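Take a look at the structure set out below.
Predicted, not measured: the structure shown is a model, and the values here were computed from it. The analysis underlying the following values was restricted to heavy atoms, covering all of them including side chains, and did not include hydrogens, waters or symmetry mates. Here, residue 1 is the first one in the sequence, and each next residue gets the next number.
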Amino acid sequence: MSKPLRLGIAGLGTVGVGVVRIIRQQAKLLEARTGRAIAITAVSARTKGRDRGVSLAGYAWEDDPVALATRDDVDVFVELMGGETGPAKDATEAAFKAGKHVVTANKAMLAIHGQSMAELAEANGLVLRYEAAVAGGIPVIKTLTEGLAGNEITRVMGVMNGSCNYILTRMETSGKNYQEIFAEADGLGYLEADPQLDVGGIDAAHKLAIISSIAFGTKVDFDGIQLEGIERVSIEDIRAAADMGYKIKLLGVTEKTGRGLEQRMQPCLVPDTSPLGQLDGGTNMVVIDGDAVGQIVLRGAGAGMGPTASAVMADVCDIARGWTGPVFGQPAAKLETPVAATSQRPAPYYLRMALVDKPGAMAKIATVLGDAGVSINRMRQYEHDDTSAPVLIVTHKTSRAALDTAIAAMDGTGVMSGAPVALRIEEV
């Protein structure tokens with residue numbers, strides 16, 4: 001009979017407690033599915049005496065996560081502390097050097113140090129698994145590395161931060177502005193201690209960097225992501241987009257074109273009838289395009305105790321079954337250094353502007369757009385006061401450079417009442 005797989009868990013917050021509960025409640029099921037018992041032998045956290053709502057009886061305690069990671073009675077170090085550097089990184093590296101496999105939910109650490117971590121793990125013949133680091137309970141990593149291993153991936157895109165999707169959805173349904181809904185989300189505990197990680201797009205960009213590496217066989221390149229959060233999205237834009245048949249989402253997109261690797265995390269418009277357009281609340285969704293499979297859509301809870309702990313246990317179970325494989329789907333030594341795209345793939349754009357209410361104003365804007373090579377697909381004007389006229393334009397596919405040229409030239413027309421808003425429309 002196989003020996004139990006022994007875990008050392010560092011971090012007993014929401015996810016760590018969820019993992020303990022699954023192991024305690026589902027011991028027989030886990031053993032039946034993996035062929036061996038899964039047991040916790042030791043744990044570590046910042047505070048020992050805190051009531052976590054789950055018994056830690058029978059588990060050894062370590063104040064130092066590095067000591068936990070190197071214990072003789074630990075086979076798999078489960079890192080659930082979080083943080084790009086510090087104890088999480090130190091303990092993970094110590095675990096590999098001590099011959100331990102690692103399961104982590106730490107997207108920031110992988111997005112910044114993923115290449116060196118992968119090289120260290122693979123050099124020691126060890127496994128580094130991280131399903132819980134991307135999109136919570138959705139099995140995105142396993143889908144890319146295993147289920148779609150026979151596909152050339154052409155694009156991956158998705159909503160990867162539930163807090164941002166909650167804010168944008170609530171703005172739409174309540175009619176309240178960004179600051180009001182931000183305060184609401186913060187009061188409900190939906191935002192990180194540093195809210196900029198959520199609303200600034202950083203959390204989601206960490207996830208996108210990991211996905212991009214697997215999809216395109218490149219080294220993780222967080223710094224190569226074009227990053228913009230949702231702070232500038234107004235209730236006026238949400239209403240106007242809806243009137244034109246779109247929803248605004250904080251959308252992560254990675255694709256490899258003849259121009260290089262594009263990685264974008266930014267507010268975009270998507271058709272309101274598309275799967276992404278119909279995604280409400282705190283749910284995540286990832287859309288994957290493969291040459292053989294076509295397009296598949298993965299949808300589910302992107303955070304929370306149960307979904308994230310479920311993803312952790314999926315990785316633990318794979319190790320219990322004897323799974324081995326490269327960290328990012330291909331050997332770390334063979335991952336290419338990504339070449340950032342010289343320009344973005346052309347796309348339609350949404351433009352919202354206010355024009356001075358005088359004859360010929362719209363004609364001047366149309367001329368500026370035409371001179372820059374930007375053609376108008378649809379246009380809508382609204383009732384207005386005596387000073388300015390709200391105008392919405394949806395362009396045909398164009399380059400961002402051409403659009404920026406047009407926007408810069410608009411200042412000289414004398415008909416602008418404020419700066420225009422421009423958002424990419426992503427075709428789903």
Closest heavy-atom contact between [X] and [Y]?
{"X": "Val356", "Y": "Gly414", "result": "CG2-O, 4.3 Å"}
{"X": "Glu228", "Y": "Pro267", "result": "O-CD, 3.6 Å"}
{"X": "Asn161", "Y": "Ala204", "result": "CB-CB, 4.1 Å"}
{"X": "Ala10", "Y": "Phe77", "result": "CB-CE1, 3.6 Å"}
{"X": "Val74", "Y": "Leu68", "result": "CG2-O, 3.8 Å"}
{"X": "Thr34", "Y": "Ala320", "result": "CB-CB, 3.8 Å"}

Salt-bridge criterion met for [X] and [Y] (N-O under 4.0 Å):
{"X": "Arg170", "Y": "Glu184", "answer": "yes"}
{"X": "Arg239", "Y": "Glu172", "answer": "no"}
{"X": "Lys142", "Y": "Glu131", "answer": "no"}
{"X": "Glu426", "Y": "Arg424", "answer": "yes"}

Between [X] and [Y], a side-chain donor and acceptor under 3.5 Å:
{"X": "Asp243", "Y": "Tyr382", "value": "yes"}
{"X": "Glu79", "Y": "Thr104", "value": "yes"}
{"X": "Gln226", "Y": "Gln344", "value": "yes"}
{"X": "Arg21", "Y": "Gln26", "value": "no"}

Output yes when a side-chain donor or acceptor of [X] lies under 3.5 Å from a complementary backbone atom of [Y], and no otherwise.
{"X": "Asn124", "Y": "Leu120", "answer": "yes"}
{"X": "Ser388", "Y": "Ser417", "answer": "no"}
{"X": "Asp315", "Y": "Val103", "answer": "no"}
{"X": "Glu122", "Y": "Glu119", "answer": "no"}
{"X": "His101", "Y": "Val127", "answer": "yes"}
{"X": "Thr173", "Y": "Thr169", "answer": "yes"}

Should [X] and [Y] count as side-chain neighbours, where that means a heavy-atom distance under 4.5 Å?
{"X": "Leu168", "Y": "Ile230", "answer": "yes"}
{"X": "Pro390", "Y": "Gln381", "answer": "no"}
{"X": "Val287", "Y": "Gln295", "answer": "yes"}
{"X": "Pro338", "Y": "Lys219", "answer": "yes"}
{"X": "Cys317", "Y": "Ile38", "answer": "yes"}
{"X": "Thr337", "Y": "Thr218", "answer": "no"}
{"X": "Glu255", "Y": "Arg264", "answer": "yes"}
{"X": "His113", "Y": "Ser116", "answer": "yes"}

Test ring-ring contact (aromatic ring centres under 6.0 Å, His included) applied to [X] - qualifying residues, sequence neighbours left out:
{"X": "Phe216", "answer": "none"}
{"X": "Tyr350", "answer": "none"}
{"X": "Tyr130", "answer": "Phe328"}

Strictly by side chain to side chain donor-acceptor pair (under 3.5 Å), give each pair with a member in residues 205-215 just once, sequence neighbours left out.
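Listed by first then second residue: Asp203-Lys207, Ser212-Thr254, Ser212-Gln263.
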
Side chain to side chain donor-acceptor pair (under 3.5 Å) contacts touching residues 324-335 (sequence neighbours left out):
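Matches after skipping sequence neighbours: none remain.
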
Quick one: do Ile425 and Val394 satisfy side chain to side chain contact (heavy atoms under 4.5 Å, CB included)? Show the steps, please.
CA-CA 9 Å; Ile425 300 173; Val394 172; 3.7 Å; yes

Please name all residues satisfying side-chain contact (heavy atoms from CB on, under 4.5 Å) with [X], sequence neighbours left out, ordered by chain then number.
{"X": "Asp186", "answer": "Leu191"}
{"X": "Asp371", "answer": "Thr367"}
{"X": "Ser343", "answer": "Arg259"}

Sequence neighbours excluded, every pair satisfying salt bridge (Lys or Arg N to Asp or Glu O under 4.0 Å) that has a member inside residues 298-311:
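As it turns out, there is no salt bridge (Lys or Arg N to Asp or Glu O under 4.0 Å) pair with a partner in residues 298-311 once direct neighbours are skipped.
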
Tell me the salt bridge (Lys or Arg N to Asp or Glu O under 4.0 Å) pairs involving residues 44-54, sequence neighbours left out?
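Counting only pairs at least two positions apart or across chains, no salt bridge (Lys or Arg N to Asp or Glu O under 4.0 Å) contact touches residues 44-54.
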
Might you work through the side chain to side chain contact (heavy atoms under 4.5 Å, CB included) test for Val15 and Met305, ending with a clear yes or no?
CA-CA 5 Å; Val15 179; Met305 177 185 288; over 6 Å; no

For the [atom1] atom of [X] and the [atom2] atom of [Y], what is their distance to the nearest 0.5 Å?
{"X": "Ile407", "Y": "Met416", "atom1": "CD1", "atom2": "CE", "answer": "8.5 Å"}
{"X": "Ile296", "Y": "Asn151", "atom1": "CD1", "atom2": "CG", "answer": "8.0 Å"}
{"X": "Leu369", "Y": "Met379", "atom1": "CG", "atom2": "CE", "answer": "10.5 Å"}
{"X": "Leu298", "Y": "Ile138", "atom1": "CG", "atom2": "CD1", "answer": "6.5 Å"}
{"X": "Asp289", "Y": "Arg155", "atom1": "CG", "atom2": "CZ", "answer": "5.0 Å"}
{"X": "Leu250", "Y": "Met265", "atom1": "CG", "atom2": "CE", "answer": "5.5 Å"}

Between Phe182 and Val199, does a side chain to side chain contact (heavy atoms under 4.5 Å, CB included) hold up when you go through it step by step?
CA-CA 9 Å; Phe182 174 91; Val199 299; 4.0 Å; yes

Enumerate donor-acceptor pairs with a distance under 3.5 Å from any side-chain N or O in residues 80-98 to protein atoms, sequence neighbours excluded.
| residue | atom | partner | partner atom | Å |
| --- | --- | --- | --- | --- |
| Lys89 | NZ | Glu93 | OE2 | 2.9 |
| Thr92 | OG1 | Ala88 | O | 2.8 |

Evaluate side chain to side chain contact (heavy atoms under 4.5 Å, CB included) for Leu403 paired with Leu351, printing each intermediate quantity in order.
CA-CA 10 Å; Leu403 187 67; Leu351 287 172; 4.0 Å; yes

Can you confirm whether more than 12 heavy atoms, excluding those of Glu152, are under 6.0 Å from its CD atom?
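Incorrect, the count does not exceed 12.
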
Taking atom CZ of Arg321 as the centre, does the number of heavy atoms from other residues, nucleotides or ligands within less than 6.0 Å exceed 12?
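Atom CZ in Arg321 is packed in, count exceeds 12.
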
Mind listing the side-chain donor-acceptor pairs of residues 269-285 below 3.5 Å, one per line with the distance, residues two or more places apart or on another chain?
| residue | atom | partner | partner atom | Å |
| --- | --- | --- | --- | --- |
| Ser274 | OG | Pro271 | O | 2.7 |
| Ser274 | OG | Gly277 | N | 3.0 |
| Gln278 | NE2 | Thr273 | O | 2.8 |

